[in-house]
Protein chains: 2
Amino acid sequence: MNEEEKEQENYNAKKYRTPDGVPADIVMLTLTKRERKTVTKTLPIRELKVMLIRRKSWPYAGMWALPGGFCQESESIYGAAKRELKEETGVDGGHLEYLGVYSTPGRDPRGWIISNAFFALVEESTLEQRQAADDAEEVGMFGIHEALDQLELAFDHREIIRDAYVRIQQKMLQTTIAKQFLPKHFTLSELYQVIQTVVPEFKEPNFIRKITSTRSRQGILEEVRDEMGKKLSSNQYSQRSAQLYMFTDEIPLLSIYT
Amino acid sequence: MNEEEKEQENYNAKKYRTPDGVPADIVMLTLTKRERKTVTKTLPIRELKVMLIRRKSWPYAGMWALPGGFCQESESIYGAAKRELKEETGVDGGHLEYLGVYSTPGRDPRGWIISNAFFALVEESTLEQRQAADDAEEVGMFGIHEALDQLELAFDHREIIRDAYVRIQQKMLQTTIAKQFLPKHFTLSELYQVIQTVVPEFKEPNFIRKITSTRSRQGILEEVRDEMGKKLSSNQYSQRSAQLYMFTDEIPLLSIYT
DNA sequence: GCAATAGTGTCTATAAGACACTATCAT
DNA sequence: ATGATAGTGTCTTATAGACACTATTGC
């Protein structure tokens with residue numbers, strides 16, 4: 001036995017009190033799309049919703065909580081979150097992003113439990129299926145404000161959802177994450193509506209003009225064309241058909257000084 | 001004993017394998033300032049440095065590692081990071097921010113150890129004292145690129161430092177974090193130099209003009225004035241004295257669409 | 001006076017912001 | 001034709017970007 005092995009032998013991982021578990025909790029968000037019943041074509045009503053599960057056992061039995069599960073030794077926390085997302089929605093891909101760690105002493109009456117929160121952006125249809133299929137668990141979809149202001153939430157999940165909301169608002173404005181809530185090809189009105197749904201403060205009366213006439217911003221979007229190079233448009237949501245756009249892979253660098 | 005208490009009794013936190021520890025590791029960064037020995041006054045040379053500690057025992061004995069320590073049950077992880085920072089530098093305040101969780105299986109040969117990384121921005125003088133005072137531990141200050149490209153680092157600390165570097169570059173451009181590296185009152189050349197030191201790609205030939213003549217950016221800075229309302233300037237780093245500025249509390253909202 | 005850094009003048013191209021106007025198309 | 005949404009014309013003001021110029025001050 002060499003020096004290193006001796007030292008290793010000597011090390012005792014259980015000398016100290018260790019945590020009782022490290023779960024990954026997931027804020028699953030979706031943007032619902034409800035057709036308006038008007039005479040003419042019009043954009044659907046969109047709403048940002050969060051998926052919650054009603055707890056059946058102690059602690060916080062009967063209260064709404066984020067889906068989640070304990071991380072195992074053989075996986076990373078991101079891996080655990082991915083596994084949970086798959087188990088909950090059946091979806092493998094989609095946007096899954098780390099949010100933060102929640103470790104205030106006493107946050108979980110079961111013991112010393114340190115939660116790592118994620119947020120996921122999933123298709124509305126996925127969550128609807130999930131909601132219908134599973135009768136073992138009571139699954140609910142709530143408007144983000146309803147969840148934050150009116151629901152009794154388990155653990156510190158209100159705080160987690162609030163943080164996720166702040167984060168997604170920031171991401172919506174500073175990255176092209178909007179693409180997670182849009183089809184591959186979309187009109188500028190659709191894009192504008194999606195941004196406004198997530199960030200109601202975002203007001204840009206000249207939105208179309210600005211996107212199309214400003215060089216620096218043109219880079220993030222690209223007009224959709226067919227094989228002949230002809231611009232494609234859609235009249236799904238309006239009488240007059242509108243130019244379709246898609247996101248490029250540009251990632252603009254923002255600065256408060258430039 | 002009521003229902004809830006019975007359920008609680010029933011719960012066994014140690015049914016599953018639990019982590020062997022959840023440490024907080026801290027990427028302590030500082031911007032060193034070294035006077036140039038030139039004939040005339042000039043800005044000092046600045047460099048972004050990271051503090052590392054040489055490990056004395058298994059695992060990774062002899063290699064450089066981030067300072068850190070295990071979180072205790074009675075504190076949050078942020079609390080643990082704060083405590084560590086205090087122990088390492090003697091400083092209580094300063095900028096301390098959560099970076100992320102590192103949990104790849106096998107990242108720590110001692111067992112199932114999930115690290116939460118932070119980054120701290122501290123005064124150069126603080127770290128220098130620390131470096132001189134402590135002879136129990138070998139403390140080193142390394143240029144960020146030296147640390148990333150040339151040092152043998154313990155655990156996954158190279159990855160953590162890289163992530164911290166990316167994060168601080170982003171923060172430098174998108175927030176007023178530059179104030180952590182500047183005195184309360186500073187000249188625009190100083191500010192520009194600090195930004196460039198952390199983000200060498202940042203090039204703005206008309207920096208002074210832009211800051212002073214653009215309404216939207218004026219909000220984040222304010223001219224320093226004396227009691228009489230007269231503008232204050234400093235010639236510490238130049239022959240001709242330059243206007244002093246300070247940050248306001250404005251937090252500009254950036255968007256790729258606006 | 002010279003060298004070094006701070007800061008301005010000025011010109012052109014681009015972008016923002018407002019608002020009226022035209023275009024397209026289902027009904 | 002009407003009404004609804006898409007998109008343009010046009011004018012004013014603000015900002016970007018370049019580069020030469022002036023200002024201040026230690027040496």
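Since we're looking at a predicted model, the values are computed, not measured. Just so it is clear: chains get the letters A, B, ... in the order the sequence lines come, proteins before strands, and each one is counted from 1.
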Exercise. Tell me, with the steps shown, if B:F247 and B:F186 meet ring pair (Phe, Tyr, Trp, His ring centres under 6.0 Å).
Key: CA-CA 9 Å; B:F247 278 103; B:F186 50 87; 5.3 Å; yes

Quiz item: Which residue, B:S213 or B:P205, contacts DNA chain D at a nucleotide closer to its 5' end, judged by nearest heavy atom?
Solution: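 Between the two, 5'-proximity favours B:S213.
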
Expected output: side-chain [X] to main-chain [Y] donor-acceptor under 3.5 Å:
{"X": "A:E84", "Y": "A:P67", "answer": "no"}
{"X": "A:T126", "Y": "A:T89", "answer": "no"}
{"X": "A:D226", "Y": "A:G229", "answer": "yes"}

Quiz item: Nearest to the side chain of A:E204, which nucleotide is it out of C:dA6, C:dG17, D:dA6?
Solution: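 Side chain of A:E204 sits closest to C:dG17.
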
Quiz item: Considering only side-chain heavy atoms of B:R209, which listed nucleotide, D:dT25, C:dT10, C:dA26, is closest?
Solution: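 Looking only at side-chain atoms, B:R209 lies closest to C:dT10.
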
Over how many whole Å does the gap from [X] atom [atom1] to [N] atom [atom2] extend?
{"X": "A:K41", "N": "D:dT2", "atom1": "NZ", "atom2": "P", "value": "22 Å"}
{"X": "A:I208", "N": "C:dA20", "atom1": "CD1", "atom2": "P", "value": "18 Å"}
{"X": "B:L43", "N": "C:dT5", "atom1": "CG", "atom2": "P", "value": "8 Å"}
{"X": "B:Q193", "N": "C:dA6", "atom1": "CD", "atom2": "C1'", "value": "15 Å"}
{"X": "B:L244", "N": "C:dA6", "atom1": "CG", "atom2": "C1'", "value": "13 Å"}
{"X": "B:F207", "N": "D:dA18", "atom1": "CZ", "atom2": "C1'", "value": "18 Å"}
{"X": "B:R240", "N": "C:dA6", "atom1": "CZ", "atom2": "P", "value": "9 Å"}
{"X": "B:Q236", "N": "D:dT25", "atom1": "CD", "atom2": "C1'", "value": "16 Å"}

Does a nitrogen or oxygen in the side chain of [X] sit under 4.0 Å from OP1 or OP2 of [N]?
{"X": "A:S189", "N": "D:dA6", "result": "yes"}
{"X": "A:N235", "N": "C:dA26", "result": "yes"}
{"X": "A:K210", "N": "C:dG17", "result": "yes"}
{"X": "B:T214", "N": "D:dA16", "result": "yes"}

Quiz item: More 5' along DNA chain C: A:Q239 or B:N206, using each one's nearest nucleotide?
Solution: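 The residue mapped nearer the 5' terminus is B:N206.
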
Exercise. Identify whether any heavy atom of A:S234 sits under 4.0 Å from a base atom; if not, whether one sits that close to sugar-phosphate; answer base, sugar-phosphate or nothing.
Key: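 No contact.
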
Practice problem: For B:S241, answer base if it contacts any base atom (sugar-phosphate contacts may also be present), sugar-phosphate if it contacts only those atoms, and nothing otherwise; contact means non-hydrogen atoms under 4.0 Å. | Solution: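 Result for B:S241 = sugar-phosphate.
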
Quiz prompt | Pair B:R46 + B:E190, salt bridge at N-O below 4.0 Å | solution =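 Looking at B:E190 together with B:R46, the answer is yes, because their closest N to O distance falls below 4.0 Å.
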
